[in-house]
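Worksheet for the structure shown next.
Proteins get letters first, then strands, A, B, ... in listed order; numbering begins at 1 in each.
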2 protein chains.
Amino acid sequence: MQKTSSCLVTKLQHYVPLSETDRALLREIEKSERNYQAGQEIYQGGDTNKELFVVKRGWLISYADMPDGRRQIVKIHHPGDIVGFTDIALKDVSTSLCAVENVVLCPFAKQAMDEVFRTSPRLTALLMSLALRDQVVLIDLLRAMGRMSALERIGYMLLDLIARLRITSSELTDRFRLPLNQTQIAQYLGLTNVYISKTFSRMEVEGYIRRDGLHIQILREDRLREMTDFHNRYDDIDISWLPSDGTQA
Amino acid sequence: MQKTSSCLVTKLQHYVPLSETDRALLREIEKSERNYQAGQEIYQGGDTNKELFVVKRGWLISYADMPDGRRQIVKIHHPGDIVGFTDIALKDVSTSLCAVENVVLCPFAKQAMDEVFRTSPRLTALLMSLALRDQVVLIDLLRAMGRMSALERIGYMLLDLIARLRITSSELTDRFRLPLNQTQIAQYLGLTNVYISKTFSRMEVEGYIRRDGLHIQILREDRLREMTDFHNRYDDIDISWLPSDGTQA
DNA sequence: GTCGCGCTTTAAACTGGATTTAGGCGGATG
DNA sequence: CATCCGCCTAAATCCAGTTTAAAGCGCGAC
């Protein structure tokens, strides 16, 4: 019966109801807030790994750079996401994190996660399921990068983003705000900004999408799904194996 | 004090000592064996997800296909690996599995994994760490696919493979057997078999490697590490947060 | 207003890797 | 010992996407 609805709780409860104990654990994690402004780098690959974040507001990107400056963006983070879970078992973080717009994060120490692991088997299992799901999503992206044309890759990215946004706001239709610039999209899809521009224009001409400032409307979602053989990994998680909920603990 | 040394146990103990209880759990998992011959497809993406495998002998590949036949290989499995862990939270498996040579697998039901989760927090945490580590490795591969040239990608793959093989056989020097054909390597690196052939030849001419049948010798490992900004993710796992070992349970 | 700045667009030249096709080699099979 | 088959190599051609450079286009600062 919390008044400030947390997007982390919303996102997790999309998969499974949480006990009051579990929600209390999560509230603890989201206790403190920190602001970062657009373009700010929050940590860098190689830094010692000491805290995780829950995204409260705004989009962020994680990326890995080559020494000569080539950059590969590997994850796009939205409100409700946990950032840094992947690196939990590493001494140093493997990617850098940057705010693409003004954001609000809830930082928390790795130890807080230990607390979750110790006291809530159900939440632990859920987080683990989501981490494994993320790995499947990464595999999908890998396939897109290795085997799809530029147009297919952009289509795939748009489908993936909208599927994720629909988790938290189910009334969302076919239009959403995309606060990434074309250089960042290129760094995500393994292309160049110039070719992103060209392909976006082409997609508009051919009626796949419509653009309006930062907003993208997907006009031929079915066709894009078919072209990219898209699977929505955010809907069909199997939670049947989760331990019974924490109320008994 | 087991006589038949299990490569799974060897691989896990590379990171952390295991209690007798834990080893017993793993023995249970490796109880039954099944043989598959070279080229055989063991399961297909979309099949219902019911069992996992420990690799006992031989190499295998996991891949995702597009409906029109384009194929992306996403993982190369070696003896001691657990296959299918990624899909544990999915109703249907997301990739296909194929033996690249004659292999021996130990199949076990998902429930056996539940047993591990219930009874050994330490083993659970270790498996989870390794799953997260795999995700970091996947991110490295993604960077290679998105931002590296053909020569760099091949170099990266060779470095990754030899780093993994060195976990189980530390006396391994700079030479190893690579039972993949060039078409498979291409499907792994997002290139074509023809260009793999060309680039391999070039790498040999330029003194990066030497080839001899299925064997590859890496001659300029330092240079390749530098070119690809290679990080060995198999060495530096942080296990300090693991719960104390299961003997007290 | 107009200057500067970040971002997108367009165009032209270029190239890394794809495609296609043919040949060659080695090992299994009869 | 001839045939076949899977795999690797080589050469010619082609093209999707890169590179470089130069406009456009808002938009906020002053």
Q) Between B/V54, B/V55, B/T95, B/L105, which is the residue that forms a side chain to side chain contact (heavy atoms under 4.5 Å, CB included) with B/V83? A) B/V55
(Q) Let's see if you can work this out: which of C/dA18, D/dA21, C/dT8 has an atom nearest to the side-chain heavy atoms of A/N181? (A) C/dT8
Q | Separation of C/dT10 P from A/F200 CZ (nearest whole Å) | A | 14 Å
(Q) Can you work out whether B/V194 or B/T183 has the more 5'-proximal nearest nucleotide on DNA chain D? (A) B/T183
Q.
Check this one for me: any side-chain N or O of B/S197 less than 4.0 Å away from OP1 or OP2 of D/dT9?
A. yes
Q. Can you tell me how far P of C/dT15 sits from OH of B/Y195, to the nearest Å?
A. 13 Å
Q. Just how far, in rounded Å, is C1' of C/dA18 from CE of A/M148?
A. 18 Å
Q: Give me the one residue out of B/R202, B/E221, B/M227 that meets side chain to side chain contact (heavy atoms under 4.5 Å, CB included) with B/Y208.
A: B/M227
Q. For A/Q184 and C/dC7, is the shortest distance between a side-chain N/O and OP1 or OP2 below 4.0 Å?
A. no
Q: Calculate the interatomic distance between B/L180 atom CG and D/dC8 atom P; express it in whole Å.
A: 10 Å
**Q.** For atom CD1 of A/I185 and atom P of C/dC7, their distance in whole Å
**A.** 12 Å
**Q.** Heavy atoms from other residues, nucleotides or ligands near CZ of B/R211 exceed 12 (cutoff 6.0 Å)
**A.** yes
(Q) Nearest to the A/S149 side chain among D/dG17, D/dT19, C/dG17, which nucleotide is it? (A) D/dG17
(Q) Please confirm whether the shortest side-chain N or O distance from A/T192 to OP1 or OP2 of D/dT18 is below 4.0 Å. (A) yes
Q.
Would you say the ring centers of A/H78 and A/W59 fall short of 6.0 Å from each other?
A. yes
Q: Using heavy atoms to find the nearest nucleotide of DNA chain C for B/L191 and A/S201 separately, return the residue whose nucleotide is more 5′.
A: A/S201
Q) Is A/Q182 near enough to C/dG6 that one of its side-chain N or O atoms lies under 4.0 angstrom from OP1 or OP2? A) no
Q. For the residue pair B/F53 and B/Y36, does the interplanar ring angle fall in the parallel (under 30°), tilted (30 to 60°) or perpendicular (over 60°) class?
A. perpendicular
Q.
What is the separation between atom CZ on A/R202 and atom C1' on D/dG17, rounded to the nearest whole Å?
A. 12 Å
Q. Can you tell me if the side-chain N/O atoms of B/R211 get under 4.0 Å from OP1 or OP2 in D/dT9?
A. yes
Q. Given atom CG of B/N193 and atom C1' of C/dT21, what is their separation to the nearest angstrom?
A. 13 Å
Q: Take the protein atom CD of B/E204 and the nucleotide atom P of D/dC8, then report the distance between them rounded to whole Å.
A: 13 Å
